There are 4 protein chains.
Amino acid sequence: MTRLTAEAKGVYVIAVTPFHADGRIDYDSTDRMVDFYLEVGATGLTVLGMMGEAPKLTIEESQAVVQRILARVQGRVPVVVGVSAPGFAQMQTLTRMVMDDGAAGVMIAPPGSLRTDDQIVGYYAQAADFIGDVPWVLQDFPLVTGVQMSVPVIARIIAANPTCVCLKHEDWPGLEKIGALRKAGTLDRRISILCGNGGVFLPEEMARGADGAMTGFAYPEMMVGVVENHAKGDMDRARDLFDAYLPLARFEQQPGLGLAVRKYALARRGVIADPALRRPGAALSAASRAEVDLLIARQERRLKELG
Amino acid sequence: MTRLTAEAKGVYVIAVTPFHADGRIDYDSTDRMVDFYLEVGATGLTVLGMMGEAPKLTIEESQAVVQRILARVQGRVPVVVGVSAPGFAQMQTLTRMVMDDGAAGVMIAPPGSLRTDDQIVGYYAQAADFIGDVPWVLQDFPLVTGVQMSVPVIARIIAANPTCVCLKHEDWPGLEKIGALRKAGTLDRRISILCGNGGVFLPEEMARGADGAMTGFAYPEMMVGVVENHAKGDMDRARDLFDAYLPLARFEQQPGLGLAVRKYALARRGVIADPALRRPGAALSAASRAEVDLLIARQERRLKELG
Amino acid sequence: MTRLTAEAKGVYVIAVTPFHADGRIDYDSTDRMVDFYLEVGATGLTVLGMMGEAPKLTIEESQAVVQRILARVQGRVPVVVGVSAPGFAQMQTLTRMVMDDGAAGVMIAPPGSLRTDDQIVGYYAQAADFIGDVPWVLQDFPLVTGVQMSVPVIARIIAANPTCVCLKHEDWPGLEKIGALRKAGTLDRRISILCGNGGVFLPEEMARGADGAMTGFAYPEMMVGVVENHAKGDMDRARDLFDAYLPLARFEQQPGLGLAVRKYALARRGVIADPALRRPGAALSAASRAEVDLLIARQERRLKELG
Amino acid sequence: MTRLTAEAKGVYVIAVTPFHADGRIDYDSTDRMVDFYLEVGATGLTVLGMMGEAPKLTIEESQAVVQRILARVQGRVPVVVGVSAPGFAQMQTLTRMVMDDGAAGVMIAPPGSLRTDDQIVGYYAQAADFIGDVPWVLQDFPLVTGVQMSVPVIARIIAANPTCVCLKHEDWPGLEKIGALRKAGTLDRRISILCGNGGVFLPEEMARGADGAMTGFAYPEMMVGVVENHAKGDMDRARDLFDAYLPLARFEQQPGLGLAVRKYALARRGVIADPALRRPGAALSAASRAEVDLLIARQERRLKELG
């Protein structure tokens, strides 16, 4: 069984959870989605993240979704599972389940009540203790969690917890943070840095030292293209691609609404059968759908120009 | 099976969840605690509330604790169960479980992300829809949830949801709110108002029109005494009792620390075997324990003076 | 003297406050900046906004900056002044000063302590009462203020306060809000809607019914181009321009850092002498400056392609 | 001119700002208030604090109030002035004014935007730099400011800023914090710790090592009595006094409403002519006034019993 390591790189797509219009989980679409993500070049998957509507699932559903995805992936790429929970008992239970099922690691976001540096460091020490010998991703997403992790705090967490192998970098602004983390001497060991925020800063993030993306933009081709062209040293091509997708990526990055945009685009592409979010979840208005259609049309035109 | 109604009154004690020092649930103490609460005059119990360390339990543990308590209560008083959850699917699952087991109703706190009046009203409409024909308590606790519910919002929630039968009033300050809710014409029907905040405003709350307390101060005798003397019209005696307990009640009301104080006092009284909180949870320092000891000694002296 | 009305449209540029490197106000650059904004097509100016470093100025400095700008504008376009303050006394004092000096109106953001609908409506009733017969702009910027104003709340504010003539729309996401406000029957009269957020949603905002922009992107040409082409009905051209500027606009939209990016770009364009922010204020790192340089180079190339 | 030092102790009363019913400052009441505070045993005064309605004053009014109070005090006790402001320029201006007028030092609360340890430490380094050689009080009041300062952060601030001589301790819960700050080795020098929170934890705070109170309960006799009896070693008497005042002190401690309670009690005592708060400010309902009347009557009865 593959385990997540500090060498993780490329594009870990944050998977959506497909639902039928009536709110039931759509497992056929889940299979198709896995195939799609791997075909476009995903080097990993992350499931039950915030954009996977994880809090809307019961524990049984969460496990069922993870098992279905793992069965379809068949070990071809590592699968990371979000296990953030209000208490450590639930986090521990879910972690054991998904690791037994074959997950490569877990991801943990901080609870919104944490404020001081010591509180944050203390929380992760306890979490790591509870989940035991399981590699995990530190999720740094202040816009949503309300928790600000400074560079020294991240350094303390990494120094104290050998099982922490990756940072899901989603601070905004966050470019200087990547720079600081990559500076010699900041961390006591190199970890993987994969970036979120729908990919809307990916070219700059790669240039600052990120290892790739962990986010779920409906056109993962953009992230794959940026990462691959960066690896080849062709940043101009990377930026051309990025710019072509940016108008839609920006539109998908709207808080609250973003997931509905993403699912609409995935349904439009035939990846999932229905764009439905489970309740409570914003439905996309006709005006928004028309805007997405227009943005996709312009995006295709621009990609054609670029060749 | 008793169901919670809008006529609920008296003292619904918020039960703690007793743990062994190693973090396992202490079921023997749970039994003893139920006996104790009923002996001192509780007219109801509320379990899995915020002060019941609910988020630290797995779903299986939550159900086991509720079942144990219901088995011990044997229908003598109604038992309300906190079912607040990040998603409606979990809320629904837990509600069905505990109602099948014999609970009298459930309690729902709002998620911290709600801001506008419409968002709050909309959330409760969805929650009520998910839990179906189950009586529920609206928990109004802005200090902890961050959600401010105005009087018009509470009126809209009550008008829209016939299954909402009780308000757990824990706004601070909140006396004017009780007054406004009890004013003719504010609500379209009378509901029960039971007050929290460790009971530190109980005399004034009763005078403003509350029906009792729903809180967990380690000396429920205080709440019982205030409510009973209020019913008899002897507010001077009610206040004398209240004042005697206030120095300790104030001490127990410290956020974060309060539950450790409460459990220490309950263990000292022989109600639970161990004052332990499950991790993560504040331990009481030697200095704090000495302060509680002193406050209890002074409290006993003062109660003796009062006769 | 021109007064702001509900017919305001076009591009109201949010002016920066130019400083010397040592923190003194740079009045020569202020003059040059006014000339620049008017040359590129601004139909109004907004000064002492959040991006104008208003809280870092003393009351004397605030007045001096406004007077200098008004003297340079010489009535050619209306000038709106941000007067948000912790108390109404200060708000009133500043409003009187700047209106006496020739401002066209003021802008008021809500204090972060407001939560319920009634609190927000009540706050603006008091503010409007204090400033008297002065036209004002309602600033709706939840990402920074933490205050969520629903459509019904905005409708109540507009109904209650005839002096409120314009909404500075900066909710995110906010497109549906514009749609709802423009729907017949939502408001009891039409007011101007000018959009913020650095212009990164301007094409969609115009399509939804906005009257223009009130924001400070370092290339106001973008906003002017989008608004003018929208007016001509050439949305394809508007979007081509928008897309060309979007990579930089996105970069400038980083919270906290954005103003430093904006001032760096304005200094690079020769508009202001020094990119310095008054303390406390983020300085732009060498890496960030290089990124801006690259984005501007690519932007110019793309604009040339577009012709 | 007396300057505040790290030896400050006793009771620094947080002064209210008396207003006439129409909102004008009531200077005669200000004089009477100063006399009253000194007569009941205040060892210092703090003006323009949060409970002094400072943000509702214009800069001119702020200076006038401080000058009036300083003129009446005539150097008999040190006067500390709150100078918290959105920007350093305003803070610097107000500090210079009041120090020139004869204040003993200033008090600075953190802006609510600060989150990480480094942000807090950095903010105070800048503030101290701006105000220059002026002794200052570090205000730690997370319930209102939203800023959590850990013990290591306070230690860093004190180590870095020799002009920081006093901590206004108003964390809640905060007893362990006092203990930690007083432990040998935590701070590199001893500073004064004066406690807030309306005095409702004063006996425990003194026992943990505080030097006194800096708060504004309408019966400063309570704080004076607790501090003096603690100094004499008679904590039982200190606690008897405390318990007698606690029901009212608790009532005055209600957020938002507390200042109206305080002013009502001060007006009832004849200290100030009118209980009015300047707008925006909560008025006390008839029900609340009756509750305060009752609490005062019971308080007087209990004090008589105690002798």
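Lettering of chains follows the sequences in order, A, B, ..., and the numbering in each one begins at 1. Every value quoted in this text rests on a predicted model; they were computed, and no experiment measured them.
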Taking all non-hydrogen atoms of both residues, which atom of A287(C) and which atom of R208(A) are closest, and how far apart?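 What the structure gives for the nearest pair is CB-CZ, 3.5 Å.
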
Report which part of F242(C) has an atom under 4.5 Å of a heavy atom belonging to chain A: side chain, backbone, both, or neither. side chain

Considering only heavy atoms, which portion of F201(A) lies under 4.5 Å from any heavy atom of chain C: side chain, backbone, both, or neither? both

Taking side chain as everything from C-beta outward and backbone as N, CA, C, O, which of these in E204(A) sits under 4.5 Å from a heavy atom of chain C? Side chain, backbone, both or neither. both

What's the spacing between L175(A) CG and F251(C) CZ if we round to 0.5 Å?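 With rounding to 0.5 Å, CG (L175(A)) is 5.5 Å from CZ (F251(C)).
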
Do you know the tightest heavy-atom contact between P255(C) and P173(A)?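 In terms of heavy atoms, the two residues are closest at O-CD, 3.1 Å.
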
To the nearest 0.5 angstrom, please state how far the CG atom of D171(C) sits from the CD atom of Q254(A).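 That separation rounds to 10.0 Å.
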
Tell me, side chain or backbone of E305(A) under 4.5 Å from chain C's heavy atoms, or both, or neither?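 The answer is the side chain of E305(A).
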
Which atoms form the tightest heavy-atom contact between D240(C) and R301(A), and what is the distance? OD1-NH2, 3.7 Å

Kindly determine whether M235(C) and L294(A) satisfy side-chain contact (heavy atoms from CB on, under 4.5 Å), including the steps that lead there. CA-CA 11 Å; M235(C) 274 310 289; L294(A) 176 59; over 6 Å; no

Name the region of R302(A), side chain, backbone, both or neither, that has any atom closer than 4.5 Å to a heavy atom of chain C. side chain

Indicate yes or no: does D243(C) engage R298(A) in a salt bridge with an N to O separation below 4.0 Å. yes

Pick whichever of R250(A), E291(A), R239(A) has the most heavy-atom pairs under 4.5 Å with chain C.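 Between R250(A), E291(A), R239(A), the count favours R250(A).
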
